[in-house]
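Order of the sequence lines fixes the chain letters, A, B, ..., with proteins taken first and strands second; residue numbering starts at 1 for each chain.
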Amino acid sequence: SQQGEEDPQALSIQEGENATMNCSYKTSINNLQWYRQNSGRGLVHLILIRSNEREKHSGRLRVTLDTSKKSSSLLITASRAADTASYFCAQAAGNKLTFGGGTRVLVKP
Amino acid sequence: DTAVSQTPKYLVTQMGNDKSIKCEQNLGHDTMYWYKQDSKKFLKIMFSYNNKELIINETVPNRFSPKSPDKAHLNLHINSLELGDSAVYFCASSPLRLDTQYFGPGTRLTVL
């Protein structure tokens, strides 16, 4: 399969804790993107990190990219109940994005 | 104003029927996509159009036919619906092919 692998598949944390999820992929990429999907809604773009970048921040989100290991991680700091959602990584290569299976994050108040 | 809109939001139909899903984006993007998300949440690209021209057709049965009347619209017509077509279908758009994508709210298709 050309789909990336996300780890863990599900994560349950208390409000205020940090959440880390990982994404591995198989081919060379142009960039890697992270999206959030709330239940019953469409995907919302969070961060795009290019293949020549190693780390990127946006608010409470931190994304790293290690092209030698073909892996990326998304860290959500000081989580809130509103962060409860599924998080997807997507590899941009060729002429399309290929999405991983997602990590379901539950933030308990 | 909604950036990427899809209609209908829910579609329940019998096997063998033909149905269409419409998508419109008001972002001025050149590229539009159709994705299928299955019950396990895997999201798979089906089609991509750039300026009304088909650029991706991912081994989708030819019962599925996309149509792009202009670069702001990408519709999906499905003939002879099968049980396995039940899924959530998302439309998306982006300014460039590998750029950030903006997703519509999805159409939940249920084939009985």
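With respect to chain A, the highest number of heavy-atom pairs below 4.5 Å among B/Leu98, B/Asp99, B/Val88 belongs to B/Leu98. Annotation: maximal heavy-atom pairing with chain B below 4.5 Å, among A/Asn30, A/Val44, A/Leu43, occurs at A/Leu43. Considering only heavy-atom pairs separated by less than 4.5 Å from chain A, the leading option among B/Tyr102, B/Tyr33, B/Tyr35 is B/Tyr35.
In this structure, chain B has no heavy atom under 4.5 Å from any part of A/Ala90. Only the side chain of B/Lys9 comes within contact range of chain A, with heavy atoms under 4.5 Å apart. Contact annotation for B/Ser48: neither backbone nor side-chain heavy atoms come within less than 4.5 Å of a heavy atom of chain A. Both the backbone and the side chain of A/Asn95 come within contact range of chain B, judged by heavy atoms closer than 4.5 Å. B/Gln37 touches chain A through its side chain: at least one heavy atom from C-beta onward sits under 4.5 Å away, while N, CA, C and O do not.
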Side-chain donor/acceptor pairs under 3.5 Å, residues 99-109 of chain A, sequence neighbours excluded:
unit_1	atom_1	unit_2	atom_2	d
A/Thr103	OG1	A/Pro8	O	2.6
A/Lys108	NZ	A/Ser12	OG	3.4

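A side-chain N or O of A/Tyr35 and one of A/Gln33 form a donor-acceptor pair less than 3.5 Å apart.
Under the disulfide bond (SG atoms under 2.5 Å apart) criterion, the residue pairs touching residues 3-100 of chain B are B/Cys23-B/Cys91, with sequence neighbours excluded.
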**OP:** Would you please test B/Thr13 and B/Leu109 for side-chain contact (heavy atoms from CB on, under 4.5 Å) and show each step?
**Re:** CA-CA 8 Å; B/Thr13 189; B/Leu109 171 65; 4.1 Å; yes
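Linking ILVMFWY side-chain heavy atoms closer than 4.5 Å, directly or via other members, places B/Tyr10 and B/Leu81 in two distinct hydrophobic clusters.
Residues B/Ile45 and B/Phe90 have side chains not in contact (no heavy-atom distance under 4.5 Å, counting atoms from C-beta outward).
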